[in-house]
Amino acid sequence: MQTFLESKHIHLQAWSPLACGKNGIFTNETLQSIAKAHHKSTAQIALKFLLDKGMSIIPKASSLKRLQENLTLFDFSLTQKERDSITQLDRNKSLFGWDC
């Protein structure tokens with residue numbers, strides 16, 4: 001979808017980029033391993049991945065700590081190998097509709 005949208009000059013926006021915590025995103029072993037290597041949370045890794053793909057993100061912040069985490073995505077970089085590992089997690093299926 002991103003390639004199609006880009007071809008039409010439409011910017012992709014990741015609404016609810018952490019999928020309301022569904023599908024074990026916060027306990028995913030791949031994300032946890034990458035997070036540990038960067039001293040970041042799994043949420044920060046997921047958000048950084050989306051930013052690296054050129055998407056705008058709109059994450060929910062349930063506390064001041066989470067808001068601060070969401071703002072500290074620019075002091076580290078994911079390697080290509082890490083981005084490839086995260087890409088492999090995609091199941092090409094939405095986890096929810098609009099009722100998150």
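What you see is a predicted model, and the numbers here were worked out from it, not measured in a lab. Along the sequence shown, residues are numbered consecutively beginning with 1. No hydrogens, no waters, no symmetry mates; every other heavy atom, side chains included, goes into these values.
- Taking CD1 from Ile34 and CD from Gln44, the interatomic distance works out to 13.5 Å, rounded to the nearest 0.5 Å.
- Sequence neighbours left out, the pairs with a member in residues 37-82 that pass ring pair (Phe, Tyr, Trp, His ring centres under 6.0 Å) are His38-Phe76.
- Looking at every heavy atom in both residues, Ser77 comes nearest to Lys48 through CA-CE, 4.2 Å.
- Leu71 and Leu73 end up in different hydrophobic clusters when Ile, Leu, Val, Met, Phe, Trp and Tyr side chains are linked at under 4.5 Å.
- Of all the heavy atoms in Leu50 and Pro17, the pair that sits closest is CD1-CB, 3.4 Å.
- Once rounded to the nearest 0.5 Å, the distance linking OG1 of Thr30 with CD of Gln88 reads 9.5 Å.
- To the nearest 0.5 angstrom, Leu47 atom CG is 5.5 Å from Asn70 atom CG.
- Pairing each heavy atom of Met55 with each of Ala14, the nearest pair is SD-CB, 4.3 Å.
- Side chains of His11 and Leu5 form no contact here, defined as non-hydrogen atoms less than 4.5 Å apart.
- Cluster membership for Leu89 and Leu51, using ILVMFWY side-chain heavy atoms within less than 4.5 angstrom, is shared.
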Verdict with reasoning, Gln80 to Asp84, per side-chain hydrogen bond (donor to acceptor under 3.5 Å, both in side chains):
CA-CA 6 Å; Gln80 185 61 51; Asp84 290 346; 2.8 Å; yes
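- Atom CD1 of Ile86 is separated from atom CG of Asp52 by 8.5 Å, given to the nearest 0.5 angstrom.
- Around atom CD of Glu29, no more than 12 heavy atoms belonging to other residues, nucleotides or ligands sit under 6.0 Å away.
- Separation of atoms OG1 (Thr3) and CG (Leu12) is listed at 10.0 Å; rounding is to 0.5 Å.
- The OG1 atom of Thr87 sits 5.5 Å away from atom NZ of Lys53, with the distance rounded to the nearest 0.5 Å.
- Ile45 and Leu31 get closest at one heavy-atom pair: CG2-CD2, 4.0 Å.
- Sorted by first and then second residue, the pairs that involve residues 55-71 and meet salt bridge (charged side-chain N to carboxylate O under 4.0 Å, His left out), not counting sequence neighbours, are Arg66-Glu69.
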